[in-house]
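Every chain is numbered from 1, with letters handed out A, B, ... down the list of sequences. A quick note: this is a predicted structure, and the numbers were derived from the prediction, not measured.
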Amino acid sequence: MIDKALGSVAEAPVPPPPPLNPPAGGGGGGRGAPPPPPATVMIGGFGEAGSPIELIHALIDQGATGLTVVNNNTGSGEVGLAALIKAGRVAKMICSYPRSMNSTVFPELYKAGKIELELVPQGTLAERIRAGGAGIPGFYTATSVGTPLAEGKESRSFDGREYVLERGLTADFALIKSERADRYGNLTFNKTARNFAPAMAMAARTTIVQTKHFVDAGELDPEVVVTPGIFVDRVVTVANPAHESALVAAGVSYPS
Amino acid sequence: MSAPPESTRVGWSREEMAQRAALDIPDGSYVNLGIGMPELIARFVPKGRELIYHTENGLLGMGPSPAEGMGDPELINAGKRQVTVVPGASFFQHPDSFAMIRGGHIDLCVLGALQVAQSGDLANWSTGEPGAIPAVGGAMDLVAGVKSIFVLTQHVTKHGDPKLVEACSYPLTGVGVVNRIYTDLAVVEVTPHGFQLVELAPGVSYEYVAERTGADLLPIAEGATK
């Protein structure tokens, strides 16, 4: 029986990613084995819409560090993604817009040279994630041609127009938020909270979902399922998720 | 920053600029309005025209801001402000939203600008200052993929420097992408011959605009109709 449901958010980010290609000789895990390399984590959300705050806080509690995080922004206040960055867990951000309202944590670390930034145009970021999830290692786009963000990238002309080569993007983990989920991992979303989540679910080796409503198998109409369960590994119910703007307005920091 | 009193203002106000640009948007267009002044355009669409607003974070059929306390923090626009949906709206994921943009399905985008070159190059995301946090969002995708690009901007900077220039000194957003510019002083078309004046704001002369333009400005042709 397939059941991707977990009991609590604390269980969600703990297990390390299984190696895709186990080392030759069947090694790994024994004494003297090197620690796993820092993970790449895709985090859903555009601003606060779709931000899986409870999963991000569980990741802070879990302790992983040296992370590369993919998100459109860099969080606000001192909760959610901004709290993860403030806790020193993020070595590099891949995003399109690291400046936002109430965003102070990332700018300060960036100016101090303590965090790396890979700036990617928003549509290129979305397509890199989609391509990664679809098994496509690279694609050509006209976006950024002739700008500083195309510098150093391979370019090619098609039908008289110039395009740059962009690489597909994959991750070890994706943390996303859904509105409804069942035990198969089938998902629906709330309004503009969908944004990057379906593509990230495809692009990550392990996709962890926090859902507002966990429903019985068969309750989701197959016609309205947005993310098919094959792209999802674990589902945890967070029935009353916090809203980032409300936490920021209340001056909340995580951990408090 | 406060607006100058009516009596001393030369040319169009921000609202009048938006209203002038709105006049040129055809009925039935799928439109993406940039954050800031371009958003004002939605208030001035002439009666009888139906426009569908796209916001790149995953909504076609965006409506105005919700009444106080009636919004959903997960129903927002690209500027991360709460919005509403109109009947016939749809939600979609980011890759689909930018497929609409990159794939040439959106008819028109209106953006702000730091500089526009006479060749249609646009600079609107960075002044290239050392130490500044670079942020680009969806601007490069929009100018590369949307069929028509309008720019809505003051004619000169706060310091009086021209924003319409021979060549941009700031980092580019896109090369040869701008079609029309709506400023507080004039409407200017980007043509293969450079900046072409289309219309002057009331009480503004060609010479006044030309002096404040950092490149040649072709005057309205004799006998041309507006």
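B:D141 contributes a side-chain N or O that, together with a main-chain N or O of A:T124, makes up a donor-acceptor pair within less than 3.5 Å. In this structure a side-chain-to-backbone donor-acceptor pair under 3.5 Å is missing from A:T143 to B:A144.
The candidate with the highest count of non-hydrogen atom pairs below 4.5 Å against chain B, out of A:A49, A:G123, A:P98, A:G146, is A:G123. Comparing A:K177, A:E244, A:R128, A:E162 by how many heavy-atom pairs each has under 4.5 Å with chain B, the most go to A:K177. Listed options B:V175, B:V143, B:I133 were ranked by heavy-atom pairs under 4.5 angstrom with chain A; first place goes to B:I133. In terms of non-hydrogen atom pairs under 4.5 Å with chain B, the most contact-rich of A:P107, A:A197, A:A131, A:A246 is A:P107. In terms of heavy-atom pairs under 4.5 angstrom with chain A, the leader among B:G174, B:A78, B:A123 is B:A78. By number of non-hydrogen pairs under 4.5 angstrom with chain B, the leading residue of A:P148, A:A150, A:S245 is A:P148.
Interface remark: A:F106 contributes side-chain atoms only to the contact with chain B (heavy atom separation under 4.5 Å). With a 4.5 Å cut-off on non-hydrogen atoms, B:D72 touches chain A through its side chain but not through its backbone. Heavy-atom distances place no part of A:I129 under 4.5 Å from chain B, backbone and side chain included. Contacts between B:A132 and chain A at a heavy-atom distance below 4.5 Å involve the backbone alone (N, CA, C, O). In this structure, chain B has a heavy atom under 4.5 Å from the side chain of A:Y110, while its backbone stays farther away. Looking at A:V226, neither its backbone nor its side chain comes within 4.5 Å of chain B, counting heavy atoms on both sides.
The heavy-atom pair separating B:A135 from A:R99 by the smallest distance is CB-NH2, 3.7 Å. Across every non-hydrogen atom of A:Q122 and B:G138, the tightest pair is NE2-N, 3.6 Å. The nearest pair of heavy atoms linking A:L119 to B:P134 is CD1-O, 3.5 Å. Heavy-atom minimum distance, A:K111 versus B:G131: CE-O, 3.6 Å. Taking every heavy atom of both residues into account, A:L149 and B:V136 meet most closely at CD1-CG1, 4.0 Å.
Proximity to chain A at a heavy-atom threshold of 4.5 Å picks out B:F91, B:F92, B:Q93, B:H94, B:P95, B:F98, B:R102 from residues 88-116 of chain B, in numerical order.
The neighbour count for A:K86 NZ, taken as heavy atoms of other residues, nucleotides or ligands under 6.0 Å away, does not exceed 12. Remark: B:D216 CG is loosely packed, at most 12 non-hydrogen atoms of other residues, nucleotides or ligands lying under 6.0 Å away. Within 6.0 Å of atom NZ in A:K114, 12 or fewer heavy atoms from other residues, nucleotides or ligands are found, so the atom counts as exposed in its surroundings. Within a 6.0 Å sphere centred on CZ of B:R49, heavy atoms belonging to other residues, nucleotides or ligands number more than 12. Within a 6.0 Å sphere centred on CG of A:L165, heavy atoms belonging to other residues, nucleotides or ligands number more than 12.
Rounding to the nearest 0.5 angstrom, the gap separating the NZ atom in B:K80 from the OG1 atom in A:T192 is 11.0 Å. Here the NZ atom belonging to A:K191 is positioned 11.0 Å from the CG atom belonging to B:L59, to the nearest 0.5 angstrom.
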